[in-house]
**Student:** 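Got a structure for you, questions after.
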Amino acid sequence: MLDKAYDPKATEDAIYASWEKSGAFKPESCPKDGEPFTISMPPPNATGQLHLGHAVMLALEDIFIRFARMNGKRALWVPGTDHASIATESVVIRKIQKEEKVTDPRKTLGREGLLKRIHEFVEDSRGTIRGQVRKMGSSCDWERERYTMDPTLARTTYEIFTDMYNKGVIYRGHRMVNWDPKLQTTLADDEVVYEEKTEPFYTFRYGPFEISTSRPETKFGDKYVVMHPDDKRYKKYKHGDTFDAEWINGSVRATVIKDTSVDPEFGTGVMTITPSHDHIDFEIAERHGLEKEQVIDFSGALLKVAGEFAGMKIDVARPLIVEKLEKKGLLVSVKKDYQHNVAISSRGGGIVEPQIKEQWFVDVNREAVPWKGSKQSLKAVMQDTVRSGMIKIIPAQFEKIYFNWIDNLRDWCVSRQIWWGHRIPAWYRNGETYVGVQPPEGDGWEQDSDTLDTWFGVAQWTWSTLIDPKAAADPSLSLRQIFEKSPHLKTFHPTTVMETGYDILFFWVARMILMTTYSLSVLAWGKDESERIPFKTVYLHGLIRTRDGKKMSKSHPETMIDPLDMISKYGADALRLSMIVGQAPGADSRLYEEKIAGYRNFINKLWNASRFVLMQCEQVGIDPKTIDKLPENASLSLADRAVLHASECLIEDITKGLRSYNLSGAGDKLYSFVWDYFCDWYLELSKGTANHAVLVHVLRRILKLLHPYCPFVTEQLWGQVKKTADRALISETWPAVHEKRKDPKAFMDLQVLIDVISSIRKLRNDHNVEPGKEITVTIVGKKFCELLESQEAHIRRMCKVGSLTFTTDSVKVENAASAFLSDIEIHLSLAGLFDAGKLKESLLREQAELTKYVSGLQGKLSNKSFVDKAPKELVDEQKTKLAETEEKLKKIEERLKQID
RNA sequence: GGGCAAUUAGCUCAGCUGGUUAGAGCGCCACAUUGACAUUGUGGAGGUCACAAGUUCGAAUCUUGUAUUGCCCACCA
């Protein structure tokens, strides 16, 4: 017999191990003719700990996969980890700095040495992650686990890079980048955060103009003044005019430039530009072919052009420069409380200094992708996949956001000045450049020291993980031949659904669309465009926040909820439910311990309901595992027929909900079915008159339907109600709807019984009838008398009724509390307990409520346009409702008279 | 500055294409409790669905505007 309470800790690990051992996670265990259903697991960073973001991702994907598997699909879930270049490198460097007191591990260890250390760290960490993913119950195929630094994935990354280079989609060029002087690396736009700061805003005299700046230290090389061409104040200056201006270190010859990007309303409407250290200025300089002189070096110090200030860090130099200009009489004014945004590195926290550097870029506008009969740009293809409906994003509002992002998309800088990652497959020798998967032959070649943006490689994740590693290891094969020798790729790609957080829609989801459509199109693999996409559906989940709606952050450990902690306290099933039920896709949600505890209670309720079923069977010596047939409908009790009907409807609802990705709604329905219907009514009604076959049957249904949500407890219970020789629940088939078992009449009739029992209970409560004290009830009903008579035993037991009379005639009632349902009157004799005041009070309350309702209905029905235009059924329904309620009111009036 | 969303009970949230007297969980109040379950049961209190106008026979739901909040993108010399 089962314990009194479910103990997840004692069972979860063993159940997981048995699933894994049985091969149930592998698509090979599914029916051979099943439709493929694939999910690529977004690979967690190989830096350590599973957090709630991963937990919610794993829970959602596991539900998708288990549902698909039970529906006979060939379900494949590919797990993996990401090398996460920047994040991992900085974690390891910090670790070495802290633990070994090495100030600059790059210098001390060298490239090879540091990479070795990072590699060791990652191996260790990947093991931890694997264990944690298992704890969540994730049914992924571990034999297909991949890692972004696997040789196969490295090869596809280099192959595609080379191909893009050869087709001119990847180019090397000078571009303004976000340079982090502290970490000595380039940052992606997304890695820059802006902080509002208050700094002085200076206005200086510059020749005949006044110009303003918050960064005087960049102004040394300025020799262009820019203004809007339509600005009337500066009409007399023509584009290209030159003049001499006294400046920081002597006189400079300046040129007038007219450009529409200048806002005449801002400051004086005139500015000087620093093309080397400002994005906008760079663009202006590019437009007009202006010189770009570097003023600040890569460590953040001033260069020779600064004259006496050369070598100074900018924060030191700034006040000195202002002082000098003031002495020269060039300082016009200082605005002290100027607020503006300063670019900060999200990695190192230092101020970002824009610099011009040689970088590798992906050209998003070059028309190089064969798509629907012509060559299209990456941008156009990215738009088309979603616009044409090949890829569907859930929730749909993110499609708008996606398009908006693509409209503003610029070329993608893919090189990073770090060591950990895929090193750029480019070699240089005396001004020659070679790009290829294999190093060039001959001496004197030097490989680019940069690595690729992590997202470049991992953007191929959906398909590169399905490539056969053996084929990829053969250098004589071309990528196309490797594709041909990868049957899994053909079967399981495009993947069915990509589930991830909306925060990486741009970082990753969009870039997967970019890289995958490019790769599979250019390599002419997959004739139809719809076979060249990475996934058919994108399901985005929101951020999990604290109870107060704040972000959980490592810097405030008290706000963090550790999923592993919660699993050991409440079980993985409870955690999964708490993250999914009540959470709309794409919306942020709040999680706190009471919520998880609530779902733990639900799991326990299910456990005990099962325990009850087993006990019922035991009492009469039936082995629940051997039950396999349901008796004919006709021989079943009302409650049995009703619960069978309800469970058939439940199957329909849940199936529909899961198919349409409404996991929250379906979960909620399961919760209330189990608790509010199955436990509160059906189990209660079956006490004493249990039909064991129906009990076991409905319980099995519930276990199946709940299995995707809470796999552990349902699997555990399944072993109690099914022969061990049969399939484990994970491999069971999803229940089908049997129309024959539907019985709406029984369902409605049971509803009447429930109403009657509830009303009697309410009356007892209203009139403070002592608990346990048996009472006498008279039920008067025209339509339902016979029905209720047959359920007498239930009413008696569940309401503690001593004697019960049924009659179809109206009766004279005295000393009784009464309730009036439609067509049914209930009179509870209260001899000795009778409280006229209380009785009158409750009748008057009900009368007032009903009167209000009736007048509402009457108004509605006397409205001609309602009667004419509303659906006829609705009008009829409201008419019936009105008649019923008026009847009820009459009865209440009668009772009131009697009391008086 | 551009874009996207949200506002429903004390708290956290459901409420699908407009249609019974707006729901759940937690919390609160009262009562119960030896046999599935105190990780429980029964009953209850608590809401002008942010505000205003409009469309409609009918609006939490559709339209417009206002207010508040949140997020994303861009970033101003």
Side-chain angles (χ1 to χ4, degrees), chain A residues 2 4-6 189-190 194 201 211-215 218-219 226 261-263 266-274 278-281 340-341 343 395 397-398 400-401 403-405 407-408 502-503 505-506 542-543 547-549 570 574 581-584 586-592 594-595 597-616 619 657 660 662 664-665 668 671-672 676 679-680 683-684 687 758 761-766 768 770-772 798 849-850 852-853 856-857 860 863-871 873-875 877-878 880-881 885:
Chain A
L2 300 174
K4 246 186 165 178
Y6 174 55
D189 286 349
D190 330 281
Y194 292 88
F201 188 61
I211 57 115
S212 303
T213 185
S214 58
R215 300 201 56 192
T218 64
K219 296 283 148 195
V226 190
S261 67
V262 177
D263 176 8
F266 190 90
T268 59
V270 182
M271 65 179 191
T272 61
I273 56 166
T274 313
D278 186 282
H279 289 94
I280 302 278
D281 293 3
H340 69 145
N341 285 332
Q397 81 236 26
F398 280 95
K400 283 187 211 164
I401 299 173
F403 289 129
N404 196 278
W405 180 78
D407 287 342
N408 299 312
Y502 68 74
D503 51 327
L505 175 63
F506 307 136
L543 242 58
R547 184 192 207 102
D548 317 317
Y570 303 105
V581 178
Q583 316 296 6
D588 290 353
S589 60
R590 304 175 187 206
L591 189 68
Y592 36 88
E594 297 96 292
K595 211 182 215 172
Y599 286 101
R600 184 267 322 265
N601 295 356
F602 169 71
I603 302 281
N604 192 56
K605 187 80 182 172
L606 175 70
W607 179 264
N608 273 294
S610 310
R611 196 163 157 251
F612 173 79
V613 173
L614 296 174
M615 282 170 125
Q616 294 291 313
Q619 271 171 23
S660 57
N662 180 5
S664 170
D668 198 44
Y671 181 100
S672 58
D676 305 337
C679 292
D680 288 354
L683 292 190
E684 288 304 325
K687 280 179 183 167
S758 300
R761 281 176 177 170
K762 191 166 179 277
L763 285 174
R764 289 191 68 124
N765 235 293
D766 282 356
N768 291 339
E770 278 171 49
M798 291 176 76
E849 270 173 33
L850 292 177
K852 204 172 129 201
Y853 179 47
L857 278 179
K860 217 181 214 180
N863 184 333
K864 258 195 178 163
S865 32
F866 172 73
V867 180
D868 293 345
K869 292 183 189 171
E873 296 157 24
L874 185 73
V875 178
E877 200 186 306
Q878 305 260 298
T880 325
K881 215 84 200 177
T885 316

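Values below: every heavy atom of this structure, side chains too, minus hydrogens, waters and symmetry copies. Letters A, B, ... are given to chains in the order of the sequence lines, protein chains preceding strands, and every chain is numbered from 1.
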**Student:** Would you say A:K605 reaches B:rG41's phosphate, i.e. side-chain N/O to OP1/OP2 under 4.0 Å?
**Tutor:** yes
**Student:** From the options B:rA36, B:rU21, B:rC57, select the nucleotide whose nearest atom is closest to the side chain of A:K869.
**Tutor:** B:rC57
**Student:** Checking side chain to side chain contact (heavy atoms under 4.5 Å, CB included) for the pair A:D588/A:Y502: CA distance, chi angles, key distance, verdict?
**Tutor:** CA-CA 10 Å; A:D588 290 353; A:Y502 68 74; 2.8 Å; yes
**Student:** Picking from B:rU42, B:rA36, B:rA5, which would you name as closest to the side chain of A:D680?
**Tutor:** B:rU42
**Student:** Do A:K595 and B:rU12 share a donor-acceptor pair, side chain to base, under 3.5 Å?
**Tutor:** no
**Student:** Without decimals, in angstroms, what is the distance between A:L505 CG and B:rC73 P?
**Tutor:** 10 Å
**Student:** Under a 3.5 Å cut-off for both distances, is B:rG54 Watson-Crick or wobble paired, and to whom?
**Tutor:** B:rC62
**Student:** Calculate, to the nearest 0.5 Å, the distance between atoms CZ and CE belonging to A:R761 and A:M798 respectively.
**Tutor:** 5.0 Å
**Student:** Considering non-hydrogen atoms only, spot the tightest contact between A:G582 and A:S664 and give its length.
**Tutor:** N-OG, 2.7 Å
**Student:** What is the pairing partner of B:rA67, taking Watson-Crick or G-U wobble pairs with both distances under 3.5 Å in any strand?
**Tutor:** B:rU7
**Student:** Using a heavy-atom cut-off of 4.0 Å across all strands, would you classify A:V262 as base, sugar-phosphate, or nothing?
**Tutor:** base
**Student:** With rounding to the closest Å, how many angstrom separate the P atoms on B:rC75 and B:rC16?
**Tutor:** 39 Å
**Student:** Taking the same atom, P, in B:rA22 and in B:rG1, what whole-Å distance lies between them?
**Tutor:** 42 Å
**Student:** Is any side-chain N of the basic residue among A:R547 and A:E594 closer than 4.0 Å to the acidic one's carboxylate O?
**Tutor:** yes
**Student:** Expressed as a whole number of Å, how far does the C1' atom of B:rA14 sit from that of B:rA6?
**Tutor:** 15 Å
**Student:** Given the structure, check if the side chain of A:Q583 and the base of B:rA14 hold any donor-acceptor pair shorter than 3.5 Å.
**Tutor:** no
**Student:** Using a heavy-atom cut-off of under 4.0 Å over every strand shown, decide if A:Q619 touches base, sugar-phosphate, or nothing.
**Tutor:** nothing
**Student:** What is the base-pairing partner of B:rG1, counting Watson-Crick and G-U wobble geometry with both distances under 3.5 Å?
**Tutor:** B:rC73
**Student:** Tell me which nucleotide, if any, is Watson-Crick or G-U wobble paired with B:rA22 when both distances must be under 3.5 Å.
**Tutor:** none
**Student:** Please report the closest heavy-atom contact between A:C679 and A:L683, naming both atoms and the distance.
**Tutor:** O-CB, 3.6 Å
**Student:** Mind checking A:K4 for me? I need base, sugar-phosphate or nothing, with any heavy atom below 4.0 Å counting as a touch.
**Tutor:** sugar-phosphate
**Student:** From the set B:rU21, B:rC57, B:rU39, return the single nucleotide nearest to any side-chain atom of A:N863.
**Tutor:** B:rC57
**Student:** For RNA chain B, whose closest nucleotide is more 5', that of A:A584 or that of A:N404?
**Tutor:** A:N404
**Student:** Does any nucleotide pair with B:rC16 by Watson-Crick or G-U wobble geometry, both distances under 3.5 Å, and what is it?
**Tutor:** none
**Student:** Under 4.0 Å, counting only non-hydrogen atoms across every strand here, what does A:S214 touch: a base, just sugar-phosphate, or nothing?
**Tutor:** sugar-phosphate
**Student:** Taking OP1 and OP2 of B:rU39, is either one under 4.0 Å from a side-chain nitrogen or oxygen of A:N608?
**Tutor:** no
**Student:** Of the nucleotides B:rC57, B:rC13, B:rG44, which one has an atom closest to the side chain of A:K762?
**Tutor:** B:rG44
**Student:** Hey, does the side chain of A:R590 come within less than 4.0 Å of B:rU12's phosphate (OP1/OP2), counting only N and O?
**Tutor:** yes
**Student:** Of the options B:rU21, B:rU39, B:rG25, whose atoms approach the side-chain atoms of A:L850 most closely?
**Tutor:** B:rU21
**Student:** Tell me if the side-chain of A:K400 makes a donor-acceptor pair with the base of B:rC4, cut-off 3.5 Å, by modelled atom types.
**Tutor:** no
**Student:** Determine the Euclidean distance between corresponding P atoms of B:rA52 and B:rU8; express it in Å to zero decimal places.
**Tutor:** 16 Å
**Student:** Which of these nucleotides, B:rC57, B:rU39, B:rU21, is closest to any side-chain atom of A:A870?
**Tutor:** B:rC57
**Student:** Take A:D278 and A:K860, find for each the nucleotide of RNA chain B with the closest heavy atom, and name the residue whose nucleotide sits nearer the 5' end.
**Tutor:** A:K860
**Student:** Using atom C1' of each nucleotide, how far apart are B:rG41 and B:rA36 to the nearest Å?
**Tutor:** 12 Å
**Student:** What's the shortest heavy-atom distance between A:R590 and A:K595, and which atoms?
**Tutor:** O-NZ, 2.7 Å
**Student:** Whole angstrom is fine here: how far is it from CG in A:D588 over to C1' in B:rU7?
**Tutor:** 15 Å
**Student:** Take A:V875 and A:F866, measure what side chain to side chain contact (heavy atoms under 4.5 Å, CB included) needs, and give me the verdict at the end.
**Tutor:** CA-CA 8 Å; A:V875 178; A:F866 172 73; 4.1 Å; yes
**Student:** Counting side-chain heavy atoms from C-beta on, which of B:rG41, B:rG19, B:rC71 comes nearest to A:L874?
**Tutor:** B:rG19
**Student:** Once you apply a heavy-atom cut-off of 4.0 Å, does A:G598 come out as touching a base, just sugar-phosphate, or nothing?
**Tutor:** nothing
**Student:** What nucleotide, of B:rA36, B:rU21, B:rG19, holds the atom closest to the side chain of A:P871?
**Tutor:** B:rG19
**Student:** Between B:rA74 atom P and A:H279 atom NE2, what is the distance in whole Å?
**Tutor:** 10 Å
**Student:** Once you apply the 3.5 Å cut-off to both distances, tell me the Watson-Crick or G-U wobble partner of B:rG47, or none.
**Tutor:** none
**Student:** Can you check the distance between B:rG46 and B:rG58, where both ends of the measurement are the P atom (answer in whole Å)?
**Tutor:** 29 Å
**Student:** Among B:rU40, B:rC76, B:rU21, which is the nearest nucleotide to the side chain of A:I280?
**Tutor:** B:rC76
**Student:** Quick one: label A:F201 by what it contacts on the DNA or RNA (base, sugar-phosphate, nothing), any heavy atom closer than 4.0 Å.
**Tutor:** sugar-phosphate
**Student:** Return the nearest nucleotide to the side chain of A:R547; candidates are B:rC11, B:rC71, B:rU20.
**Tutor:** B:rC11
**Student:** Rounding to the closest angstrom, what is the interatomic distance between B:rC13 and B:rU17 at atom C1'?
**Tutor:** 22 Å
**Student:** In terms of relative ring orientation, are A:W607 and A:Y6 parallel, tilted or perpendicular, with 30° and 60° separating the classes?
**Tutor:** tilted
**Student:** Could you state the CH2-P distance from A:W405 to B:rC73, rounded to the nearest angstrom?
**Tutor:** 11 Å
**Student:** Using the P atom as the reference point in each nucleotide, state the distance between B:rG18 and B:rC62 in Å, no decimals.
**Tutor:** 8 Å
**Student:** Minimum heavy-atom separation for A:I273 to A:D281, with atom names?
**Tutor:** CA-OD2, 3.4 Å
